[in-house]
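What follows is one structure encoded as structure tokens, with my remarks underneath.
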Amino acid sequence: MSEPNAAALDQLGASMSARQRFLRRFLRQRPALYALGFLVLLALGAAFAPWVAPHDPLAQNLDRVLEAPSFDHFFGTDELGRDVASRTLFAARISLLAAFQAVFIALLIGVPPGLVAGLFGGQTDNLIMRITDALMSFPPLILAVAIIAVLGPSLTNAMIAVGILLSPTFLRLMRGTAMAVAQETYVEAARSIGCSQSWIITRHILPNVVSPLFVQISVFAGVAMLAEAGLSFLGLGAQPPDSSWGAMVGRGFRYISHSPSLIVFPGLAIAVTVLAFYVLGDGLRDSLGREVRREQ
Amino acid sequence: MTAPLLTVTDLEVTFKIRRGLLRPTRKLRAVNGVSFHIEPGETLAVVGESGSGKSTVARAVMRLLEPSRGSIHLDGDDISAMKGEALRRIRPKLQMVFQDPYSSLDPSMIIADVVGEPLTVHGVATGAERDRRVQDLLEQVGLGRYHMNRYPHEFSGGQRQRIAIARAIALEPKLLVLDEAVSALDVSTQNQILNLLEDLRRELGIAYLFISHDLGVVEHIADRVAVTYLGRIVEEGPTERVFAKPAHPYTEALLSAVPVPNPRIQRSRQRIVLPGDVPSPLAPPSGCPFHTRCPHVMDVCRGEMPSHESVADGGSVACYLGRV
């Protein structure tokens with residue numbers, strides 16, 4: 001606490017915002033950085049697929065069906081002679097979008113009631129949690145199939161189903177975090193200086209519950225992508241002519257003995273992307289980690 | 001004599017303990033019939049063991065808890081039944097510093113916002129004006145402008161407690177409740193904070209309600225002391241009198257447990273070791289709560305709680321010794 005190098009301290013302390021500090025720590029997480037790089041590249045590739053893809057993903061060439069990877073077709077061709085590399089790139093659009101759809105829906109129906117349950121407690125909490133328990137007691141895939149049976153097979157419906165299935169975890173996470181934060185001394189301290197209830201919720205509780213949420217979002221993007229792949233593999237997700245990675249694996253599966261490369265590339269894309277989401281989640285958790293806890 | 005700043009009369013705080021789904025809830029009386037007052041600019045220390053209800057007294061005075069009986073008058077207003085907006089309006093007059101400086105500051109806020117929050121919430125100052133006030137406050141507690149944009153986790157325990165004090169004095173309160181405010185700090189830091197509190201009292205004329213279990217610290221800072229045992233005040237009086245001539249056997253035992261820096265004196269001192277443990281506040285003993293451990297216990301002690309009666313050289317004591 002000496003004054004002499006106040007100017008230097010001024011520089012150091014003033015120039016470091018929370019975001020910068022988070023960035024500095026995050027940049028030290030090599031695996032997470034690679035994962036993020038991969039996901040960004042993938043997203044860009046998907047967004048600019050029409051310009052990046054070597055071929056039209058829908059152009060058939062019945063003279064060249066089920067070919068092995070070659071210089072002409074990097075990932076080979078499928079049963080209709082379509083370029084698998086281009087199809088994988090275009091399918092990334094559907095797969096990524098589907099994953100985010102599902103996570104968005106899960107956030108939408110999970111977070112608000114979770115916060116309400118955590119902050120209000122008592123009977124409100126009881127009611128919300130019993131509904132959640134009921135929802136969680138269903139076997140996930142069966143419930144998804146049931147929802148799709150009612151709404152009809154389409155990717156959006158499949159993702160609504162996945163979103164509903166993922167929502168209880170968000171709900172529980174938010175409830176638990178909100179409960180813990182509401183018990184913190186700094187919340188009591190806020191009451192003691194005369195902060196209103198709404199001020200306390202928006203200024204003290206919300207900022208302290210979002211970091212675990214980010215971690216969960218990243219991990220769940222991976223989970224949603226896997227669920228989408230599973231449902232599409234079963235024919236309950238993406239419908240032709242659209243194709244997701246899961247749907248590609250599902251179709252390629254029929255030619256597995258003749259042309260195994262058909263399922264290898266979309267399968268690899270699923271595996272690597274899901275892994276990237278998980279690794280990113282881990283990295284976020286480590287760099288967003290509650291700073292107080294670490295200090296003690 | 002001017003009117004007291006704070007008058008607490010017959011305060012009782014009970015907690016409901018729920019032990020199971022179908023079992024009946026039980027009442028825990030954490031504070032029972034506590035009365036005291038604080039003059040403007042005066043420091044009253046409330047001492048006692050853990051579980052004696054001293055922190056509950058602090059939280060009830062802060063109206064973070066609802067008292068189940070009794071009244072709390074601050075500056076002429078009865079705040080014991082206040083709620084919502086009325087309560088918010090009197091908050092600037094009484095502020096609090098919490099025990100643990102690691103959990104009492106919001107980790108997601110920079111110091112400028114932590115210290116400036118009371119000013120913002122009560123609409124006292126905003127923007128550049130607020131920042132200027134925050135800067136003054138930080139300087140007042142021995143911190144600098146360059147600390148404003150940092151986060152609580154970048155500070156040591158002592159610095160955090162300074163931040164908490166800066167925040168507590170931002171609204172120029174008349175009463176500052178310090179709940180074990182120096183207990184979590186090491187001895188040298190404790191001293192710095194105590195000196196800071198002393199300076200602030202001289203400059204701003206704030207009264208302190210100083211909750212502590214550390215008698216050494218209390219002797220240093222308090223004008224008057226109230227000794228609590230099992231939710232009751234057993235003795236109260238000017239610090240000098242209580243430390244020199246304790247009137248209650250419990251106070252006597254407490255004081256005998258405080259080490260003296262001089263080893264020769266320390267060795268020759270007679271320590272009063274109390275038999276047994278503090279009884280559970282769920283099933284407090286009848287009569288005087290201390291009778292189960294008191295070396296001078298008499299039959300009358302088991303009947304009725306003795307009333308407070310004044311002691312020579314100031315204060316009062318709730319004990320039958322020398323009365324019957």
Side-chain angles (χ1 to χ4, degrees), chain A residues 1-22 25 121-122 126 177 180-213 288-296, chain B residues 58-59 62-64 84-85 87-114 117-122 142-160 162 164 167-168 170-171 173 177 179 192:
Chain A
M1 259 185 309
S2 56
E3 292 281 329
N5 49 359
L9 282 169
D10 214 347
Q11 284 252 301
L12 197 82
S15 61
M16 282 276 275
S17 72
R19 202 164 292 119
Q20 282 169 316
R21 204 185 326 275
F22 159 73
R25 262 206 304 252
N126 250 331
T177 325
V181 171
Q183 292 294 315
E184 293 277 356
T185 317
Y186 59 79
V187 172
E188 198 178 23
R191 275 207 289 144
S192 82
I193 65 163
C195 298
S196 65
Q197 193 65 23
S198 60
W199 174 280
I200 290 174
I201 291 176
T202 52
R203 297 303 174 96
H204 293 285
I205 294 177
L206 287 183
N208 286 298
V209 297
V210 289
S211 35
L213 198 58
L288 274 171
R290 294 291 299 281
E291 317 202 39
V292 244
R293 297 281 173 264
R294 182 169 306 201
E295 197 85 1
Q296 282 172 330
Chain B
R59 308 247 297 259
M62 283 304 297
R63 280 308 320 279
L64 293 169
E85 196 52 35
L87 192 59
R88 254 168 53 75
R89 263 199 303 275
I90 59 101
R91 289 272 184 219
K93 285 188 188 173
L94 81 165
Q95 295 282 300
M96 179 162 180
V97 176
F98 291 82
Q99 172 172 15
D100 182 5
Y102 289 88
S103 60
S104 64
L105 306 177
D106 188 335
S108 67
M109 276 189 168
I110 58 168
I111 299 311
D113 291 334
V114 169
E117 190 175 29
L119 301 172
T120 314
V121 167
H122 289 282
L143 296 170
R145 184 166 69 88
Y146 49 88
H147 291 117
M148 281 176 60
N149 290 311
R150 301 220 213 151
Y151 285 84
H153 74 100
E154 294 173 74
F155 294 88
S156 68
Q159 285 175 314
R160 287 187 207 209
R162 285 171 191 270
R167 170 181 157 100
L171 295 169
V177 175
D179 183 12
Q192 292 173 12

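Naming: A, B, ... by sequence-line order, numbering from 1 per chain.
- Nearest approach of B/Pro107 to A/Tyr186, heavy atoms of both residues: CD-CE2, 3.3 Å.
- With B/His122 contributing its side chain and A/Cys195 its backbone, the two residues share no donor-acceptor pair below 3.5 Å.
- Across A/Ala189 and B/Ser104, no two heavy atoms sit closer than the pair CB-O, 3.9 Å.
- Here A/Arg191 pairs with A/Glu188, A/Ile200, B/Leu64 under the side chain to side chain contact (heavy atoms under 4.5 Å, CB included) rule; sequence neighbours left out.
- Counted within 6.0 Å of CD on B/Glu85, heavy atoms from surrounding residues, nucleotides or ligands total more than 12; the atom is thus considered enclosed.
- In this structure, the side chain of B/Arg91 does not engage the main chain of A/Ile193 through any donor-acceptor pair within 3.5 Å.
- Neither the backbone nor the side chain of B/Arg89 comes within contact range of chain A; no heavy atoms are under 4.5 Å apart.
- When all heavy atoms of A/Glu184 and B/Ser103 are compared, the pair lying nearest together is OE1-CB, 4.1 Å.
- In terms of the side chain to side chain contact (heavy atoms under 4.5 Å, CB included) criterion, residue partners of B/Ser156 (sequence neighbours excluded) are, by chain and number, B/Gln159.
- In this structure, the separation between CG on B/Asp100 and OG1 on A/Thr185 is 6.0 Å, given to the nearest 0.5 Å.
- Within the 4.5 angstrom heavy-atom criterion, no atom of B/Met148 approaches chain A.
- With respect to chain A, the highest number of heavy-atom pairs below 4.5 Å among B/Gln99, B/Arg63, B/Gln95 belongs to B/Gln95.
- Note that the CZ atom of A/Arg203 and the CG atom of B/Asp113 stand 8.0 Å from one another [nearest 0.5 Å].
- With a 4.5 angstrom heavy-atom cutoff, B/Leu87 does not touch chain A via any of its atoms.
- With rounding to the nearest 0.5 angstrom, the OG atom of A/Ser192 is 7.0 Å from the CE atom of B/Met96.
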